[in-house]
*Asks:* 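Here you go, one structure.
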Amino acid sequence: MERSAVIELSAFNTTSKSTKRISVKGRDFYSLSYRYHGKVLIKTAESEFISDEDTVTFMPKSISYETEIIEETRMVAIHFKLHNDIKFSNPVAIKIHSKEIPSLFEKLIESSRADSQVSFEGMSVFYELLAQLEKLCASEQEKNIPKKIVLAREKMLQCFSDPLFSISSLAESLRISTSYLRREFSIAYGKSPISFLRELRLDRAKKLLESEYLTIGQISEQSGFSSPSYFIQVFHRSMGCSPEKYRKG
C-alpha cells in the first residue's frame, strides 16, 4: 500500500437531517468518518453503497459523488491532506465491530482546537487510527484469499532476507505448484510473488544503504540477493542508479 505523510488534519462532530440526493464535487482533501447512527447513500460513477451505524467511510480526494441522507445521522468527520497524493479510485465503507477504532475517533475530537485543527498529540492518534484500519482491511481481504496464499505472503515477510529463499522453494514447502502460487497471489495482492519478494529485498537494501559501515556485498547478502552483481543489476533496473550513487544521494 502506498503511504504519504499527513500535512493537514482537522476533526469535528457533525449531525445532518434527512435530505434528498445531492451532488458533491470532488474536494481537495481526503476524508474519514465514523457514523454513530443514521443511514446515508453514497454513489460514485463506479459504485454505490450505504454508510450506516458503526461504519467507517473513506472518501478519496477529487472524487465526485452523489449522496442522500436517508436517516438523520451523527458522525465524527476527519479531513486531511497528504504530502504526496495517493490515487484511490473509489470510496470504501467498513463495518466496525470493536470499540478501539471509535475510541480513536473520539480522541481526535478531544485533541482538536476551536478551529477543528488537530494537535501534534492528535496527529499521532490519527496515525494509530490509520494503522488499525489498515489491519482491519487486510483482515477482511484475507477472508477471501486461500489460506496457503496468505501463508505464502507471511513466509515471504519472514524469510525474504535469506538468499536461498525462492518462490519455487516456497511453493514446494506449501505443497502447491508455482503456477498456482503465481496465479492466486497475483489475484489476491495485485502483484506477482516474485515482484513482492523483490520489493521486500529492495526496501531492505535501501534502508541498509543509509549505513556507511556496510559494504555493497554485505548489503546484498543481508537483503536476500544471491550475489552482489545481481543485486546491483536489480537495484539499477528498479531505481535508475547504482546502490553507491543512491547511497551518496
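Everything numeric in this text was worked out from a predicted model, so none of it was measured. Quick note: numbers below take in every heavy atom, side chains included, and nothing from hydrogens, waters or symmetry partners.
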*Asks:* Would you say the side-chain atoms of Ser47 pair up with the backbone N or O of Thr44, donor to acceptor, closer than 3.5 Å?
*Replies:*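 Between the backbone of Thr44 and the side chain of Ser47 there is no qualifying donor-acceptor contact (under 3.5 Å).
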*Asks:* What about Leu41 and Ile69, same hydrophobic cluster or not, with Ile/Leu/Val/Met/Phe/Trp/Tyr joined at side-chain heavy-atom distances under 4.5 Å?
*Replies:*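 Different clusters: Leu41 never reaches Ile69 through Ile, Leu, Val, Met, Phe, Trp or Tyr contacts under 4.5 Å.
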*Asks:* Check Tyr30 against Ile86 and note the closest heavy-atom contact, atom names and distance.
*Replies:*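 What the structure gives for the nearest pair is OH-N, 2.9 Å.
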*Asks:* How close do Ser220 and Ser227 get, counting heavy atoms only, and between which atoms?
*Replies:*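 Looking at all heavy atoms of both residues, the closest pair is OG-O, 3.2 Å.
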*Asks:* Roughly how far apart are Cys159 SG and Leu200 CG, rounded to 0.5 Å?
*Replies:*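 Atom-to-atom, Cys159:SG and Leu200:CG are 11.0 Å apart.
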*Asks:* Going by atom types only, do Gln222 and Gln218 share a side-chain donor-acceptor pair under 3.5 Å?
*Replies:*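 Side chains of Gln222 and Gln218: no pair found under 3.5 Å.
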*Asks:* Can you see which heavy atom on Ala11 is nearest to which on Ile78, and at what distance?
*Replies:*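 Where Ala11 meets Ile78 most closely, the heavy atoms are CB-CG1, 4.2 Å.
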*Asks:* Rounded to the nearest 0.5 Å, how far does CD1 of Ile101 lie from OH of Tyr34?
*Replies:*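 That separation rounds to 9.5 Å.
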*Asks:* So, Arg35 versus Ser51: side-chain donor-acceptor pair below 3.5 Å or not?
*Replies:*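 Yes, Ser51 and Arg35 have a side-chain donor paired with an acceptor closer than 3.5 Å.
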*Asks:* Establish, for the pair Arg201 and Phe160, whether the NZ or CZ atom is under 6.0 angstrom from the six-membered ring centre and no further than 45 degrees off its axis.
*Replies:*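 Ring-cation test returns no.
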*Asks:* Give me the atom names and distance for the closest heavy-atom approach of Pro60 to Pro91.
*Replies:*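 Reported closest heavy-atom pair: CD-CA, 3.6 Å.
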*Asks:* Hey, quick one: are Ile232 and Tyr230 part of the same hydrophobic cluster, counting side-chain heavy atoms closer than 4.5 Å, chains of contacts allowed?
*Replies:*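 Yes.
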*Asks:* Using modelled atom types and a 3.5 Å cut-off, is there a donor and acceptor pairing between side-chain atoms of Ser116 and backbone atoms of Ser112?
*Replies:*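 Between the backbone of Ser112 and the side chain of Ser116 there is no qualifying donor-acceptor contact (under 3.5 Å).
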*Asks:* Nearest 0.5 Å please: distance from the OG1 atom of Thr215 over to the OH atom of Tyr213.
*Replies:*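 One finds 14.5 Å between OG1 of Thr215 and OH of Tyr213.
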*Asks:* Could you go through Leu197 and Leu170, starting from their C-alpha distance and side-chain angles, then the distance that decides it, and tell me whether this counts as side-chain contact (heavy atoms from CB on, under 4.5 Å)?
*Replies:* CA-CA 11 Å; Leu197 181 60; Leu170 172 61; over 6 Å; no
*Asks:* Please check if the side chain of Ser226 supplies one atom and the backbone of Pro163 the other of a donor-acceptor pair under 3.5 Å.
*Replies:*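 No, the answer is negative, given that no donor and acceptor are paired below the 3.5 Å cut-off.
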*Asks:* Just wondering, do Glu48 and Ile42 contact through their side chains at under 4.5 Å, heavy atoms?
*Replies:*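 They are not in contact (no side-chain heavy atoms under 4.5 Å apart), so the answer is no.
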*Asks:* What are the two closest non-hydrogen atoms of Lys95 and Glu53, and how far apart are they?
*Replies:*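 Reported closest heavy-atom pair: NZ-O, 2.5 Å.
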*Asks:* Using the ring-ring contact (aromatic ring centres under 6.0 Å, His included) definition, which of the options Phe58, Phe29, Phe126 pairs with His79?
*Replies:*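 Exactly one option meets the ring-ring contact (aromatic ring centres under 6.0 Å, His included) with His79, and it is Phe29.
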*Asks:* Centre-to-centre under 6.0 Å for Tyr246 and Phe235, is that the case here?
*Replies:*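 Yes, the ring centres sit under 6.0 Å apart.
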*Asks:* Contact between Val76 and Phe12 at the side-chain level, heavy atoms closer than 4.5 Å - yes or no?
*Replies:*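 The answer is no; the side chains never approach within 4.5 Å.
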*Asks:* Checking Arg153 against Phe185: charged group under 6.0 Å from the ring centre and within 45 degrees of the axis?
*Replies:*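 Pair Arg153/Phe185 does not count as cation-pi.
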*Asks:* Starting at CG of Asp85, measure out to OG of Ser4 and round the result to the nearest 0.5 Å.
*Replies:*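 Asp85 CG to Ser4 OG: 7.5 Å, rounded to 0.5 Å.
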*Asks:* So do Phe49 and Val92 actually touch side chain to side chain, heavy atoms under 4.5 Å?
*Replies:*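 Of all side-chain heavy-atom pairs linking Phe49 with Val92, none is under 4.5 Å.
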*Asks:* Give, for atom CG of Leu133 and atom CD of Glu128, the distance between the pair rounded to the nearest 0.5 Å.
*Replies:*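 So the CG of Leu133 and the CD of Glu128 are separated by 10.0 Å.
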*Asks:* Near Glu71 CD, under 6.0 Å, is it more than 12 heavy atoms from other residues, nucleotides or ligands?
*Replies:*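 Buried by this count: over 12 neighbours within 6.0 Å.
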*Asks:* Is there side-chain contact between Ile63 and Arg27, with at least one heavy-atom pair below 4.5 Å?
*Replies:*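 Of all side-chain heavy-atom pairs linking Arg27 with Ile63, none is under 4.5 Å.
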*Asks:* I'd like to check Thr178 versus Tyr180 (side-chain heavy atoms, cut-off strictly below 4.5 Å). Are they in contact?
*Replies:*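 A side-chain contact under 4.5 Å is absent here.
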*Asks:* Run through Leu208, Val234, Leu209, Leu202 and flag the one making a side-chain contact (heavy atoms from CB on, under 4.5 Å) with Ser223.
*Replies:*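 Single side-chain contact (heavy atoms from CB on, under 4.5 Å) partner of Ser223 among Leu208, Val234, Leu209, Leu202: Leu208.
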*Asks:* Evaluate the side-chain contact (heavy atoms from CB on, under 4.5 Å) criterion for residues Ile167 and Met156: first the C-alpha distance (whole Å), next the side-chain angles of each, then the deciding distance (0.1 Å), finally the verdict.
*Replies:* CA-CA 9 Å; Ile167 299 303; Met156 280 192 269; 4.0 Å; yes
*Asks:* Between Asp54 and Tyr36, does any side-chain donor sit less than 3.5 Å from a side-chain acceptor?
*Replies:*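 The criterion, which ignores hydrogens and geometry beyond distance, is not satisfied for Tyr36 and Asp54.
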*Asks:* Check whether any side-chain heavy atom of Pro102 sits under 4.5 Å from a side-chain heavy atom of Ile96, and report yes or no.
*Replies:*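 Yes, close enough: below the 4.5 Å cut-off.
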*Asks:* What I'd like to find out is whether the side chain of Val6 reaches to under 4.5 Å of the side chain of Lys81, using heavy atoms alone.
*Replies:*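 Side chain of Val6 against side chain of Lys81, heavy atoms only: no contact under 4.5 Å found.
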*Asks:* Check whether Ile194 and Phe231 end up in the same hydrophobic cluster, where Ile, Leu, Val, Met, Phe, Trp and Tyr are linked by side-chain heavy atoms less than 4.5 Å apart.
*Replies:*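 Looking at the clustering, Phe231 is in a separate group from Ile194.
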*Asks:* Tell me, with the steps shown, if Val40 and Ile70 meet side-chain contact (heavy atoms from CB on, under 4.5 Å).
*Replies:* CA-CA 5 Å; Val40 176; Ile70 301 171; over 6 Å; no
*Asks:* Could you pull out all residues at least two apart from Glu68 that satisfy salt bridge (charged side-chain N to carboxylate O under 4.0 Å, His left out)?
*Replies:*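 Only Arg21 meet the salt bridge (charged side-chain N to carboxylate O under 4.0 Å, His left out) criterion with Glu68.
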*Asks:* For residues Leu82 and Ile7, report the shortest heavy-atom separation together with the two atoms involved.
*Replies:*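 Scanning both residues completely, I find the closest heavy atoms to be O-CD1, 3.6 Å.
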*Asks:* Tell me whether Met75 is reachable from Met59 by hopping between hydrophobic residues (I, L, V, M, F, W, Y) whose side-chain heavy atoms are closer than 4.5 Å.
*Replies:*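 No: no chain of side-chain contacts under 4.5 Å links Met59 to Met75.
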*Asks:* How about CD on Glu172, more than 12 heavy atoms from neighbouring residues, nucleotides or ligands closer than 6.0 Å, or not?
*Replies:*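 For Glu172, atom CD is not crowded (no more than 12 foreign heavy atoms under 6.0 Å).
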*Asks:* The test is side-chain contact (heavy atoms from CB on, under 4.5 Å); show your working for Ile145 and Ile187 and say whether it passes.
*Replies:* CA-CA 9 Å; Ile145 299 175; Ile187 292 171; over 6 Å; no
*Asks:* Taking Ser64 for the side chain and Gly26 for the main chain, is one N or O donor matched with an acceptor at less than 3.5 Å?
*Replies:*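 Present.
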*Asks:* Tell me if a side-chain donor or acceptor on Tyr127 pairs with a main-chain N or O of Ala5 at a distance below 3.5 Å.
*Replies:*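 No, Tyr127 side chain to Ala5 backbone: no donor-acceptor pair under 3.5 Å.
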*Asks:* Could you measure the distance from the OG atom of Ser179 to the CZ atom of Arg183? Nearest 0.5 Å is fine.
*Replies:*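 Between Ser179 OG and Arg183 CZ, I get 6.0 Å after rounding to 0.5 Å.
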*Asks:* Using the salt bridge (charged side-chain N to carboxylate O under 4.0 Å, His left out) rule, take Lys191 and Glu199 through it: C-alpha gap first, then chi angles, then the decisive distance, then the call.
*Replies:* CA-CA 10 Å; Lys191 61 184 69 176; Glu199 287 176 8; 2.8 Å; yes
*Asks:* Is any side-chain heavy atom of Val118 closer than 4.5 Å to one of Phe80?
*Replies:*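 They are not in contact (no side-chain heavy atoms under 4.5 Å apart), so the answer is no.
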